[in-house]
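Predicted model, so just to flag it, every value in this text is computed and none were measured. Quick note: numbers below take in every heavy atom, side chains included, and nothing from hydrogens, waters or symmetry partners. Atoms within a ligand are numbered from 1 in the order they appear, just like the ligands themselves.
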Amino acid sequence: MNKRGLLLVFSGPSGVGKGTVLKEYLKKHPDTAFSVSATTRKPREGEVHGQHYFFLTREKFDRLIENDGLLEHAQFAGNCYGTPKEAVEKNLEKGIDVVLEIEVQGALQVKEKCPDALLVFVMPPSFEELRRRLTGRGTEDEETVRRRLSNAGREMEAAKQYDYIVVNQTVEDAADQLEQIVCAAKHTAKYLREFIDEVEYDAETCCK
Ligand code: 5GP
């Protein structure tokens, strides 16, 4: 079948629970590679360099951009975030699916550069529920929560440019929806065009 992996771009407003949904999905699909982003944000408690993020100084982050080391990059809530290009490309070439958990500006850059990427956006059941989840998390100060909530409206506007929407009512349901979406995406004629070409070529050559 397809030799190249699927590039899955997963976004949603802060507090929607996209990280938890993704974790649930990855439990069932441990063969999918999670792209570890670079960021200038300070680590939160329990976050590990190289596992959750590559925590970089602004200088090192800028150097990555200059060296064309990022597939996409964007500013979010006063910090820089970006996807290291090389690891993504290597995995896709090996036929391994890669998931990027990134915000919308970066996701739209990926859509532009990689038209075959599958863009999935996670929505909360309502804005009120999003506010409740973000405040309840307790990892950010009031100003950060306010900034992230004001970003959420803008982000949900961009959801219209994504391929699919997952509503995170419960983590299990949302992870199931994601699984079905990925499965459907892997059966589109667009994704399987190389495979179709091969079989078509064999059919043509066999009957000559
Ligand atoms: P957090 O600081 O809460 O970990 O992430 C803030 C936002 O940055 C989230 O929406 C997250 O998905 C996004 N983000 C994480 N890594 C990247 C990245 O490499 N590129 C972009 N554009 N956004 C990212």
Side-chain angles (χ1 to χ4, degrees), residues 7-26 32-58 60-65 67-89 91-92 98-114 117-124 127 130-131 133-159 161-162 165-166 168 174 178:
L7 180 57
L8 170 63
V9 179
F10 202 57
S11 307
S14 285
V16 78
K18 59 185 182 298
T20 320
V21 173
L22 206 50
K23 227 188 237 169
E24 187 70 19
Y25 173 84
L26 291 172
T32 301
F34 176 79
S35 162
V36 179
S37 296
T39 183
T40 59
R41 156 165 95 57
K42 297 275 170 290
R44 295 192 188 116
E45 211 179 305
E47 284 184 331
V48 178
H49 179 79
Q51 184 184 335
H52 298 94
Y53 281 105
F54 295 107
F55 296 100
L56 305 182
T57 58
R58 182 62 200 254
K60 283 196 173 157
F61 192 93
D62 287 345
R63 212 169 309 140
L64 259 182
I65 299 175
N67 295 337
D68 196 26
L70 297 176
L71 176 61
E72 58 72 37
H73 61 92
Q75 291 227 5
F76 183 91
N79 294 301
C80 302
Y81 295 84
T83 302
K85 199 192 240 176
E86 200 181 324
V88 172
E89 194 44 46
N91 278 319
L92 292 177
V98 178
V99 55
L100 315 183
E101 186 198 325
I102 63 177
E103 55 69 64
V104 299
Q105 306 160 68
L108 297 177
Q109 291 171 38
V110 176
K111 184 178 172 168
E112 190 81 17
K113 286 188 191 163
C114 316
L118 173 68
L119 272 70
V120 180
F121 192 91
V122 191
M123 296 279 295
F127 185 73
L130 182 68
R131 185 205 301 274
R133 289 182 192 173
L134 199 53
T135 316
R137 193 156 78 171
T139 50
E140 272 93 14
D141 57 40
E142 233 174 76
E143 169 57 17
T144 308
V145 169
R146 197 197 58 75
R147 263 207 285 185
R148 287 183 180 227
L149 274 175
S150 78
N151 269 332
R154 187 174 50 79
E155 290 192 290
M156 287 189 270
E157 167 74 25
Q161 296 178 65
Y162 280 60
I165 303 297
V166 161
N168 186 15
L178 180 58

Margin query: Quick check against the 3.5 Å criterion: does Arg133 have a side-chain atom that pairs as donor or acceptor with the backbone of Gly15?
Written below: no
Notebook entry, point to check: For atom 11 (C) of ligand 1, which candidate among Glu101, Gln75, Glu155 provides the closest heavy atom?
Noted result: Glu101
Note to self: Under the rule for side chain to side chain contact (heavy atoms under 4.5 Å, CB included), what residues qualify as partners of Ala33, not counting sequence neighbours?
What the structure shows: Asn91, Ile96, Val98
Notebook entry, point to check: Should we count CZ of Arg41 as having more than 12 external heavy atoms under 6.0 Å?
Noted result: yes
Notebook entry, point to check: When you look for heavy atoms under 4.0 Å from ligand 1, do you find them on the side chain of Lys18, its backbone, both, or neither?
Noted result: side chain
Margin query: Students often mix this up, so state it plainly: with edges at 30° and 60°, are the rings of Phe55 and His49 parallel, tilted or perpendicular?
Written below: tilted
Next item on the list: Would you check if there is a donor-acceptor pair between the side chains of Arg154 and Asn151 at a distance under 3.5 Å?
Entry: yes
Check: Residues in side chain to side chain contact (heavy atoms under 4.5 Å, CB included) with Leu119, at least two apart?
Finding: Val9, Ala107, Leu108, Lys111, Ala117, Tyr162, Asp163
Check: Is Gln105 in contact with ligand 1, taking contact as a heavy-atom separation below 4.0 Å?
Finding: no
Next item on the list: Below 4.0 angstrom from a heavy atom of Arg41, which ligand 1 atoms are there? Numbered from 1 as shown, please.
Entry: 1 (P), 2 (O), 4 (O)
Note to self: Is it the case that ligand 1 has an N or O less than 3.5 angstrom from some N or O of Arg44?
What the structure shows: yes
Next item on the list: Say whether Phe10 and ligand 1 are in contact under the criterion: heavy-atom distance to a ligand atom below 4.0 Å.
Entry: no
Notebook entry, point to check: Applying a 4.0 Å heavy-atom criterion (strictly less than), which segment of His52 is in contact with ligand 1: side chain, backbone, both, or neither?
Noted result: neither
Notebook entry, point to check: With a cut-off of 4.0 Å, which atoms of ligand 1 are near a heavy atom of Ser37?
Noted result: 16 (N), 17 (C), 18 (C), 19 (O)
Item checked: Distance (rounded to the nearest 0.5 Å) between Leu100 CG and Cys114 SG -> 8.5 Å
Notebook entry, point to check: How does Glu72 reach ligand 1, by side chain, by backbone, by both or by neither, if only non-hydrogen atoms under 4.0 Å count?
Noted result: side chain
Next item on the list: Check ligand 1 against Thr83 and write out every atom of the ligand that is under 4.0 Å from a heavy-atom position of the residue.
Entry: 19 (O)
Notebook entry, point to check: Just how far is it from atom CD of Glu101 to atom CZ of Phe34, taken to the nearest 0.5 Å?
Noted result: 5.0 Å
Notebook entry, point to check: Which heavy atom in Glu155 sits nearest to a heavy atom in Pro13, and how many Å separate them?
Noted result: OE1-CA, 3.3 Å
Check: Which is it for Phe76 and ligand 1 at heavy atoms under 4.0 Å: side chain, backbone, both or neither?
Finding: side chain
Margin query: Is it the case that atom NZ in Lys23 sees more than 12 heavy atoms from other parts of the structure closer than 6.0 Å?
Written below: no
Check: Does Gln109 approach ligand 1 within less than 4.0 angstrom via side chain, backbone, both or neither, non-hydrogen atoms only?
Finding: neither
Check: Within the structure, does Ala74 bring an N/O atom to less than 3.5 angstrom of an N/O atom in ligand 1?
Finding: no
Check: Is Arg148 in contact with ligand 1, taking contact as a heavy-atom separation below 4.0 Å?
Finding: yes
Checklist line | Enumerated ligand 1 atoms positioned under 4.0 Å from heavy atoms of Tyr53 | finding: 1 (P), 4 (O), 5 (O), 15 (C), 16 (N)
Margin query: Closer than 4.0 Å to some heavy atom of Gly82 - which atoms of ligand 1 meet that?
Written below: 18 (C), 19 (O), 20 (N)
